[in-house]
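Residues: numbered from 1 along the sequence shown.
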Amino acid sequence: MLWSKTCDYALQALVYVAAQPEDLCVRGQDVAAYLYDVPSPYLAKILRGLAGKGILQSFKGRGGGFLLAPGIRESGLLEMVKRIAGEPFGEGCVLGLAKCTDATACPAHHAWSPIKNKVLELLRQKTIGQMAAAVRDGRYDLRLLRKAG
């Protein structure tokens with residue numbers, strides 16, 4: 001995709017948690033069972049990272065697990081990608097050059113720029129709550145969206 005595998009898994013876990021009833025603490029092992037091709041220790045680290053970034057709330061003990069932090073359901077995917085990846089997503093050169101602007105454009109800049117802007121706008125507009133509703137309503141199954149092997 002456009003970001004790291006870790007960010008991919010974090011978004012999938014986040015959408016899964018958001019698709020559950022709002023007051024239900026989701027256990028890490030339940031997320032791991034749903035996202036079955038993500039190694040459990042890796043997913044646990046991702047979930048702790050999301051809690052550390054204020055995206056999830058974490059509760060220990062019996063009945064513990066993870067809940068969405070307030071306001072996350074209404075957050076756009078772009079905001080989540082930026083918070084998860086911890087970098088200025090979408091601001092760099094598509095070819096990785098240090099300096100790439102309209103004035104000092106790489107060979108792909110003028111073709112990529114309008115596409116990038118459309119992608120960024122889509123990611124701004126699509127919220128975690130909208131993605132979760134699609135999963136909850138059966139329109140998407142996150143497990144089927146992954147590439148085979």
Co-members of the apolar cluster containing F59 [side chain, <4.5 Å]:
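Hydrophobic cluster check, F59: joined to L67.
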
Of the non-hydrogen atoms in W112 and V94, which two are nearest, and what is the gap between them?
CD1-CB, 3.5 Å

Shortest non-hydrogen contact between A18 and R73, atoms and distance:
O-NH1, 2.7 Å

side-chain contact (heavy atoms from CB on, under 4.5 Å) involving L97 - partner list, sequence neighbours excluded:
C93, L95, C106

For S75, give me all partners under side-chain contact (heavy atoms from CB on, under 4.5 Å), at least two apart in sequence or on another chain.
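For S75 the side-chain contact (heavy atoms from CB on, under 4.5 Å) partners, ignoring immediate neighbours, are I72, E79, M80.
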
Apply side chain to side chain contact (heavy atoms under 4.5 Å, CB included) to residues M131 and V15 and explain how you reach the verdict.
CA-CA 6 Å; M131 300 293 290; V15 170; 3.8 Å; yes

Find out whether Q12 and L35 are in side-chain contact, i.e. whether some heavy atom of one side chain is under 4.5 Å from a heavy atom of the other.
yes

Do L120 and L78 touch side chain to side chain, with heavy atoms closer than 4.5 Å?
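Yes, side chains in contact.
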
For residues 114-124, pull every pair meeting side-chain hydrogen bond (donor to acceptor under 3.5 Å, both in side chains), keeping only residues two or more places apart or in separate chains.
E121-R124, E121-Q125

Determine which pairs satisfy side-chain hydrogen bond (donor to acceptor under 3.5 Å, both in side chains) with at least one residue from residues 95-109, sequence neighbours left out, and list them in order.
T101-T104, D102-H109

Per the salt bridge (Lys or Arg N to Asp or Glu O under 4.0 Å) rule, what does the pair list look like for residues 128-138, sequence neighbours excluded?
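Only D137-R139 qualify under salt bridge (Lys or Arg N to Asp or Glu O under 4.0 Å).
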
Name every donor-acceptor pair, under 3.5 Å, that has one atom in a side chain of residues 43-55 and the other anywhere in the protein, sequence neighbours excluded.
from : atom 1 : to  : atom 2 : distance (Å)
K53  : NZ     : R83 : O      : 3.1
K53  : NZ     : I84 : O      : 2.8

Side-chain atoms of residues 19-27: list all donor-acceptor pairs with protein atoms under 3.5 Å, sequence neighbours left out, distances to 0.1 Å.
from : atom 1 : to  : atom 2 : distance (Å)
Q20  : NE2    : Y16 : O      : 3.0
R27  : NE     : D30 : OD2    : 3.1
R27  : NH2    : D30 : OD1    : 2.9

So, using side chain to side chain donor-acceptor pair (under 3.5 Å) as the criterion, who are the partners of T6 when residues are at least two apart?
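Testing T6 for side chain to side chain donor-acceptor pair (under 3.5 Å), a comparison that skips the adjacent residues, returns Y42.
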
Quick one: do I115 and L122 end up in the same hydrophobic cluster if we chain Ile, Leu, Val, Met, Phe, Trp and Tyr together by side-chain heavy atoms under 4.5 Å apart?
no

Just do the side chain to side chain contact (heavy atoms under 4.5 Å, CB included) check on V31 and V38 with the steps written out, would you?
CA-CA 10 Å; V31 180; V38 182; over 6 Å; no

Straight-line distance of L14 CG to L56 CG, nearest 0.5 Å:
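It comes to 6.0 Å.
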
